[in-house]
Structure formats: C-alpha cells, structure tokens
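In what follows, every heavy atom counts, from backbone to side chain, and hydrogens, waters and symmetry copies are set aside. None of the values given here were measured: they were computed from a predicted structure. One-based numbering, in listed order, for ligands and for the atoms of each.
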Amino acid sequence: MPANSAEGIRWNLNDLFSSHDDPRIDQTLNDCRARAEAFSRQFRDRIENLAGLTPEQLLQGLQELESIYEALSRVGCYSGLLYAADTARPEYQDLEQRVEQRSTEIRNLLLFFELEWLKVEDAVAERLIHDPALKLYSHYLKSLRRFRPHTLTEPEEKILNEKDNTGRNAFGRLFSEISSSLTFALERDGKKQDLNLSQILSLLHEPDRNLRQRAMETLYDGLSRHGQVLTFVYDALIQDHLTMDRLRHYPNPMLQRHLFNEIDGAAVDTMMQVVESNYGLGRDYFRLKAKLLGLSRLVLYDQYAPMAQEVTPFPYEQARQAILEALGAFTPAFREIASEFFADNWIDAEIRQGKRGGAFCASPSPQLHPYILCNYTDNLRDVMTVAHELGHGLHGCLSRKQSYLNYDTPLTTAETASVFGEMLVFDYLVARQTDPEVQIALLAGKLEDIFATVFRQNVLTRFEAAAFAARKEKRLTPELLGTLWIEANSKYYGDAVEMPEGYRWGWSYIPHFIHSRFYCYSYVFGQLLVLALYRMYREEGQSFVAKYLALLEAGGSDSPEALLKPLGINIHDPNFWQKGFQEIGRLIKRFEGLVAKI
Ligand SMILES: [Zn+2]
C-alpha cells in the first residue's frame with residue numbers, strides 16, 4: 001500500500017449539486033431542452049439567410065446559446081466528477097450515462113447554428129464579424145468559418161459520417177483491439193509473466209539493465225508478429241487521409257490539424273526546424289548519462305534508466321506549502337488563487353478504491369471554479385503533478401472574466417499555465433535540496449520529460465510527414481516504414497544512442513498516428529512555448545508578470561498568435577523558439593556541474 005498522507009483530502013462538490021439524486025439535475029436538463037427547442041424555433045433557417053436578422057438579434061442568439069451551454073456544463077461537470085471519484089458506484093454510472101445522452105440530444109438541437117453560420121456568404125459574414133455589437137464574439141464567429149472552404153455539402157458530409165464507421169473508424173478500432181490485446185511473455189525473477197503493452201513499456205524505466213534489454217527485445221519481437229496488419233491499417237488510414245485532403249481541398253496533410261490548433265503552418269515549420277537544429281543538446285545529455293551509468297555509449301533501452309537515488313517521501317501538507325511558496329514568489333495573485341483550491345476543498349487527492357487513476361483539472365465554465373483530481377502517493381512526481389494541475393486551475397480561474405464561448409484555449413496554448421507552474425515548483429524544489437545526488441535525479445527526470453516531449457514528438461511528426469510523402473508514390477510496406485522511422489530517429493540520436501535492430505517497429509504502436517494524425521507537434525509547441533515564456537520571465541523579472549497574467553486572463557478570446565503578441569512574441573521568429581532551448585541548456589549546464597561534483 002503506498003503512503004497516503006493525503007487521506008481525507010476530498011473535494012466538496014456541493015456548490016454544483018447536493019447529491020446524485022438532487023432533483024435540480026433533471027430540472028436543469030429539462031429546462032435546457034426546452035430552451036434549446038425554443039432557440040431552434042427562433043433561429044433555424046434564419047442564420048443561413050440572415051434576412052431580417054439584425055446584429056442585435058444575432059447577439060441575443062449567441063448569448064442564449066452560451067447560457068444554455070453554461071447550464072449544461074454544470075450538470076455535465078457534476079456527473080463527470082462524481083463518477084471519476086467513485087467509478088464503481090452504479091448510481092454514478094447511471095447518472096453519468098443519462099447526463100451524457102441527454103446533453104448530446106440537446107447539443108444536437110443547437111448544432112444547426114454553427115452549420116448555418118458556415119454557409120453565410122463571405123461578404124455578409126465579414127460585415128457581422130466586424131460589427132461593433134458583436135465585438136465580444138468576433139473571434140468565435142471568425143474562427144468557426146475557418147473550415148468553410150473544406151466543408152462539403154450536407155448530403156456528402158452525412159454519407160461520409162456513416163461510411164466512416166465501417167471505413168477509417170473501423171481501422172482505428174481494429175488498431176485499438178490489436179494493441180490492447182497484445183501480450184508479451186517475459187521471464188522475471190524465475191517466473192514467466194504475460195505483460196500487456198503498458199506493463200512492458202514501464203520496464204524500460206527499471207534499474208536492471210538486463211531486464212530493460214530483454215523488455216525492449218520482447219516488445220519489438222511481439223510487435224513484429226503483428227507487423228503485416230499494423231502496416232496495412234496505417235497504410236489504409238494514410239490513403240484515406242490523402243483522399244479526404246483531395247476532396248476537401250487541403251493542399252497538404254498537416255493543414256487540417258493546423259486549423260484545429262488555430263496555428264499558421266509556417267510557424268510550425270519554423271518551430272520544427274529550430275527543434276531539429278537543437279537535437280545536439282539531447283545527444284550531449286545522452287553522452288553524459290552514459291558516463292554516469294559507466295557505459296561507453298547508451299543503447300536505446302538505457303534512455304530512461306534511473307540515475308541516482310529517489311528523494312525521501314514528500315507528504316501532501318509539505319507539497320501544499322512548497323507549491324504555495326513557489327507560486328507566491330512569482331506573484332502573490334497565484335498564491336492567493338491556489339490557496340483557495342486547498343482551503344475550499346476543490347482538490348481530491350487521497351487514494352481510494354474505485355477512484356479514477358491519474359490526474360486532471362476540470363474547468364467547466366466561467367461561472368464555475370475548476371476542480372482537481374489526483375492520486376497523491378507521497379513522492380516527488382506527485383508534487384509536480386499537483387503543481388501542473390494547479391497551473392491549469394489558475395488558468396481556469398483567471399480566464400473566468402471571459403464568457404463561455406471565449407473561455408477554452410486550443411490545444412497549443414492549453415498547457416501555458418500548467419507547465420509554467422511546474423517549472424516554478426521544480427526550480428524551487430531543486431534549489432532547496434542539499435544532496436547533489438538527489439539534485440541529479442531531479443534534473444535528469446525533468447530533462448528526460450522535456451526531451452520526450454520536445455525532441456521525440458518532433459521526431460514522430462517528421463516520420464509522419466515522411467510516411468505521407470512516401471504514400472503519394474506507392475503503397476507502404478513494413479520495410480519502407482521501418483527505414484523512414486530509423487531515418488527520422490537517427491537525426492536525433494546520432495551516434496550518441498545505439499538503436500537495436502528491432503527498433504524498426506518503433507512506429508507501430510503509437511496511437512496518435514492512427515487516431516489523431518499530426519497531433520504530436522502540438523505537444524512540442526505547448527512545451528517549448530512555456531519554456532520560452534519561462535526564459536522571458538527569468539530575463540525580464542517582475543515586468544513579465546503582469547503581461548503573463550493578462551495572457552492567462554484572455555482565455556480563448558483570440559488566436560494564440562494574437563494573444564501572444566502583447567508579450568512581444570512572434571511565433572514566426574526562430575529566435576523566440578530558441579529561447580526555450582536556452583532554458584533547456586541552463587538545465588543541462590546545471591546537470592553537468594553536479595555530475596562533475598560527484
Ligand atoms: Zn496538462
């Protein structure tokens with residue numbers, strides 16, 4: 001049983017509803033349903049033509065839409081949180097399902113609004129987007145329209161949706177079924193074990209080198225047995241994507257993802273080039289790590305080998321104090337908001353049977369404060385997890401000034417406060433350790449996390465692009481995919497890390513390639529953006545703080561590029577992205593210094 005210093009730390013959901021059978025839940029759903037029907041009667045077929053609809057009436061429609069979404073989010077948040085806190089209770093399962101089903105019905109009633117807005121002629125739409133009466137919704141109205149040139153007619157979209165279930169969605173399900181049923185036979189401590197994918201991957205973090213090596217060999221051997229099917233699935237999905245790009249007029253396979261992320265593709269290209277030109281930092285670190293482990297060179301299965309010792313247990317109360325102090329040193333406003341999370345029980349931290357694993361922060365809407373769930377096991381990773389989720393919570397609180405449709409951020413900027421909060425707490429903790437071995441372990445953990453996000457996800461994206469380019473010429477084979485994979489990885493690992501032969505199958509279990517193509521660069525963007533922001537903070541000091549708070553307060557009221565501009569940031573400028581690597585360089589220097597000491 002892990003230590004549980006967070007026992008009794010449970011969230012209080014009473015400001016949402018009083019219990020799972022609170023009659024106000026159904027009242028809210030009924031009310032939302034009636035309002036959605038009335039909304040539909042009032043506006044259906046009128047948005048598309050807009051004849052006789054004044055900007056003021058459109059404004060009133062948007063406000064009503066927001067207000068229905070707000071009310072729905074209170075119910076959805078409550079049922080979701082109850083269920084996450086105790087997934088085994090049948091009453092909570094029932095409520096969660098019922099709310100989900102009824103919310104979907106209500107949302108479907110409202111869907112016409114966005115679809116009709118897409119059909120409005122450009123000139124008319126432009127006029128409304130710039131109408132002073134609609135100023136608050138100008139970004140929302142404008143950004144919905146970005147998919148207009150790529151949307152097909154309604155009957156075409158309908159057929160595609162239906163056929164997708166037996167087409168690309170079916171291939172996705174096949175992939176999920178194969179990867180979740182994979183078993184890997186491995187002998188450990190004289191006993192034969194059948195491990196699943198995540199179990200065998202976790203062995204790559206074990207201290208025993210021989211075990212790591214066998215785990216990696218077993219992993220790739222197992223994957224290669226399914227190689228024919230995994231290749232076929234990926235090949236079919238890429239071809240499907242290319243076909244849809246042709247029909248939807250996307251000139252390149254990444255463009256659709258850029259539109260979702262509200263990012264200009266040229267900025268992504270610049271960012272990825274800067275990442276690539278810094279791969280050497282990763283290699284420097286791997287050479288140091290090899291030295292520290294007493295090896296002449298790392299083999300891939302040494303990449304995540306633990307170094308030095310774990311830190312002593314970190315009880316919840318101590319974490320609370322450290323986090324509040326670290327955040328308070330940045331700005332008292334952070335400390336003040338974060339204190340509320342602890343004082344008013346917005347956090348559920350204890351370990352309980354039936355509670356969902358992992359951690360998340362739910363920021364349902366501007367009218368509600370966020371809630372945090374984590375499973376606190378008294379180690380340092382958990383401190384960083386709480387700091388991360390609290391960062392999301394700060395973002396969620398600060399942007400409550402925005403209205404519902406301007407509240408959420410796209411994926412690329414969603415981690416702006418969470419990763420930043422983690423950095424603040426990380427630096428605070430490292431500075432307070434006196435044992436260099438513990439500091440080494442902390443820094444290594446941080447650097448390896450950053451590399452896995454910045455460098456590896458960049459490699460993944462380069463591979464994906466190469467596979468798409470190759471598919472335009474010919475059908476993909478395991479040999480070809482293996483070659484492209486090794487090529488993309490060689491640029492990163494170079495001569496610093498040896499790649500075993502089986503690694504040719506390293507591409508074959510990555511779910512993003514199947515379910516959300518070209519998603520991986522968003523991780524790079526998010527992490528590097530925050531490292532660069534953190535660098536700016538360390539360079540500019542207090543003058544940075546107000547600008548940063550304003551960025552968080554802006555929520556999703558404009559595109560990332562526009563929101564970052566007041567901070568003097570140009571995401572098309574390679575020098576901006578390089579700032580993130582200066583920060584990584586600082587961590588590596590510190591690591592080197594400590595290694596030299598012991
Ligand atoms: Zn996060």
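Residue contact annotation: Glu389 places no N/O/S atom under 2.8 Å from the Zn ion (ligand 1). At a cut-off of 2.8 Å, His392 is counted among the residues with an N, O or S atom near the Zn ion (ligand 1).
At a threshold of 4.0 Å, the pair Lys446-Glu422 counts as salt-bridged, since one of the basic side-chain nitrogens sits closer than that to a carboxylate oxygen. Electrostatic pairing of Asp449 and Arg381 counts as a salt bridge here, judged by a charged N lying under 4.0 Å from a carboxylate O.
The N, O or S atom of Glu415 lying closest to the Zn ion (ligand 1) is OE1.
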Decide yes or no on side chain to side chain donor-acceptor pair (under 3.5 Å) for Glu70 and Ser365, but give the supporting numbers first.
CA-CA 6 Å; Glu70 280 270 5; Ser365 85; 2.7 Å; yes
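Contacts of Arg89 classified as side-chain hydrogen bond (donor to acceptor under 3.5 Å, both in side chains), with partners at least two apart in sequence or in another chain: Glu91, Tyr92.
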